[in-house]
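The basis for the numbers below is simple: all heavy atoms, side chains too, and nothing from hydrogens, waters or symmetry mates.
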Amino acid sequence: MRTNLSSQISLNRVSTKYYKPENTIENSVLTRFEKIPTTIFETAEEGVMHVADEIVRKVQERQRDGKFCTIAAGAGISMRPLFAELVRRHKEEGVSFRNVVLFNLYEYYPLAETSSSCFSRLNTLFVSQVDIDSQNVFTMSGTVPQEAVVEHCHLYEQRIKTYGGVDIVVMGIGGEGNIGMNEPGSTISSTTRLILVDGPSRAEAAHNLGIDNLPPCSITMGVGTIMEARKIYLLALDEEKADIVRLAVEDKISDTVPASYLQMHHNAMVCVDLPTAAHLTRIQRPWLVTNCEWNNKLIRSAIVWLCMVTKKPILKLTNKDYNENGLSELLALYGSAYNVNIKIFNDLQHTITGWPGGKPDADDTYRPERAKPFPKRVVVFSPHPDDDVISMGGTLRRLVQQGHEVHVAYQTSGNIAVGDEEVVRFMHFINGFNQLFDGGQNETIKSKYAEIKSFFSQKTESDFDTRDILTIKGLIRRGEARTACTFNQIPLERCHFLDLPFYETGRIEKNPISEADVEIVLDLLRTVKPHQIYVAGDLADPHGTHRVCTDAVLAAIDEEKNAGAEWLEDCRIWMYRGAWAEWEIENIEMAVPLSPEELRAKRNSILKHQSQMESAPFLGNDERLFWQRSEDRNRGTASLYDSLGLASYEAMEAFVEYKPL
């Protein structure tokens, strides 16, 4: 089963194949912009395995010496795969952690006695599942009286010193470069202390943890304490962190990016996967570090970059521009700036099409999609019940209007992203509707109404919704999806609600992908036998639902390919991106322009999903609503094409073709 979607998408750009393969190229040349040793792994799984190997090696080394191994770690979302792997090794391979002394990196403050804490998650994810002695596990307390916090922090520092300091710190990186909960402005000498958590960090943490009312403060191990550790692993396996990782690794040391302090550590290591490494210079701009093996996408990337640097459109670039910006190699290959400019201009021009399903009876030599067959059967896979319209609402509408048979497959119920107030609103309606038209009150409805109201009145942040509430939330999202399909003139019999089992946990944490998920997707594909498939390629989705949903589709396609399915030979697979990111222009293979009217219609499609407007629990760190993010992203793509000297449009939706191996 396919699980390495990130590398499948990224390898066409973020790969060492851009470097000349001779062994004479020193690693120090390739990494000369990087001030912290940084290892790039092809997949997140490989990164996790490497760090797990290193931790186990140190733990076992200390065991042989009869010594404790002191580890400091948090319970952030980036740590969960690592803990899962360490727990697996304990249970399946007999790895013992009996000599580990564990220090929690941070705790929120103040906490009520019943509140969900960072330490409780650390205990659930790791401590309770391995053989660590509970007496060797230490944490700050979120319930200590405020007047005792300073002394409490001092004692925590003393406890660390009692065990001879920290052997290994393993941690993630926050969106603002936080390490632990050390906010921008933290000094390199800071020790364990109480700090105010700023808005962006609180929003990120609340989003990752699914907690609306996160405490305003945190007790965190200080930068100075972290820097005293003998080994530090910064694990960054989230495409959304690509920018901040580059700043921490390559930019100057600054208290505005606390992770940049690791440049001063003698034994720190940053572990990233390919998507997270995408903005490092050796990946994004390899021509600045060494000679390259130029391919079409790399040339396109270089020319777009040169246009941004010189603030010129493609066709106005000169030989001087190339020579002054380290791209003279291209002049040697193509003879002149003019030749390169024309090549890339035409290349980008050919990505633009108003016929995403192919234009019938037209020469399709330079079009992204083939003219025949026409009309096409199209399946649009939508991880949540609104990703179809957020990500490709304009293209979806265009496909329908141009006569194609469009099916939309909603892969998950999206029920955990519905606020409780939406359930109350619908229950009020059902209750009132029943009284108005039934002349009384159905006892079952009355009882269920009272039961749900009672549950909500006593619900705490750590409580999970009942199955009945999750069902109602799922029905709300189904209704919204049907309304959006009707608005886009898609017959309701072509709206498919797959409800993939991996999602139905009622919690943020989902189950791993299973054969049952893949079989559901397979059934639909075998029924429709599409000529086009649209699938999410947005790996920046904070909770990974898009990744799993796309893995399920690609695994199903692989099974059909291995089985020799004839329909797949005449099928193209297009990947879109959604609310969090856009394809880099060097990867875009189809750009569908939208007029102002079409963009407005797309907005109206998104607005049909009312539960995902202001009250949606998982809007993330970005304060813009989904329709605003989508419009800004689509306008940004059009603006980029315009700045390069191509046609000027109101907005554009972008796609990358996926070709099964």
Side-chain angles (χ1 to χ4, degrees), residues 1-3 5-6 8-9 356-357 376-397 399-400 404-414 417 477-478 481-482 484-485 488 490 493-503 510 513-514 516-541 543-561 565 567-568 571-580 583 590 592 605-606 609 630 653-660:
M1 183 179 300
R2 183 181 301 280
T3 58
L5 170 61
S6 59
Q8 290 293 321
I9 293 175
K376 292 180 174 67
R377 293 186 299 276
V378 180
V379 174
V380 177
F381 283 99
S382 180
H384 301 95
D386 57 354
D387 287 312
D388 56 331
V389 290
I390 290 173
S391 304
M392 53 171 291
T395 302
L396 182 73
R397 196 171 179 85
L399 287 165
V400 173
H404 300 285
E405 180 188 313
V406 178
H407 297 253
V408 182
Y410 300 104
Q411 294 176 266
T412 70
S413 65
R477 299 213 67 180
R478 279 196 180 202
R482 288 191 180 101
C485 281
N488 286 319
I490 299 172
E493 62 268 21
R494 296 180 191 163
C495 301
H496 309 274
F497 296 94
L498 305 187
D499 290 338
L500 297 185
F502 85 89
Y503 185 88
K510 305 304 178 191
I513 187 175
S514 70
D517 300 300
V518 178
E519 281 299 321
I520 291 171
V521 174
L522 267 173
D523 286 344
L524 177 65
L525 291 177
R526 287 168 177 166
T527 300
V528 177
K529 294 181 173 58
H531 302 105
Q532 269 192 335
I533 294 172
Y534 289 86
V535 63
D538 197 343
L539 304 184
D541 167 29
H543 297 301
T545 301
H546 282 210
R547 185 189 301 263
V548 180
C549 285
T550 304
D551 279 343
V553 176
L554 299 186
I557 289 169
D558 281 351
E559 286 200 27
E560 283 291 86
K561 184 176 177 65
W567 69 265
L568 193 54
C571 179
R572 288 193 183 176
I573 303 155
W574 293 99
M575 288 186 148
Y576 60 77
R577 284 195 165 179
W580 292 278
W583 292 113
M590 181 165 69
V592 180
S605 299
I606 298 171
H609 296 268
S630 179
E653 293 176 338
F655 303 86
V656 170
E657 186 179 1
Y658 175 85
K659 296 179 180 179

Sequence neighbours excluded, which residues qualify as salt bridge (Lys or Arg N to Asp or Glu O under 4.0 Å) partners of D499?
->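 Per chain and number, D499 pairs via salt bridge (Lys or Arg N to Asp or Glu O under 4.0 Å) with R478.
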
For [X] and [Y], indicate whether the former's side chain and the latter's backbone hold a donor-acceptor pair under 3.5 Å.
X: Q411; Y: L500; result: no
X: E560; Y: L525; result: no
X: K376; Y: H531; result: no
X: R377; Y: K529; result: yes
X: D517; Y: S514; result: yes
X: R577; Y: G537; result: yes

Closest approach of W574 and F655, non-hydrogen atoms and distance?
->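 It is CE3-CB, 3.8 Å.
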
Compare every heavy atom of H609 with every heavy atom of A484, then report the nearest pair and how far apart it is.
->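 What the structure gives for the nearest pair is CB-NE2, 3.7 Å.
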
Does a side-chain heavy-atom distance below 4.5 Å link [X] with [Y]?
X: M575; Y: L554; value: yes
X: D388; Y: V408; value: yes
X: F381; Y: C549; value: no
X: L399; Y: T395; value: yes

Residue that, paired with T412, satisfies side chain to side chain contact (heavy atoms under 4.5 Å, CB included) out of H384, R477, H546 |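 The option that passes is H384.
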
Results of ring pair (Phe, Tyr, Trp, His ring centres under 6.0 Å) for Y410 - residues two or more places apart only =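 Expected list: F497.
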
Test side chain to side chain donor-acceptor pair (under 3.5 Å) applied to E405 - qualifying residues, sequence neighbours left out =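 By the side chain to side chain donor-acceptor pair (under 3.5 Å) rule, E405 matches H407.
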
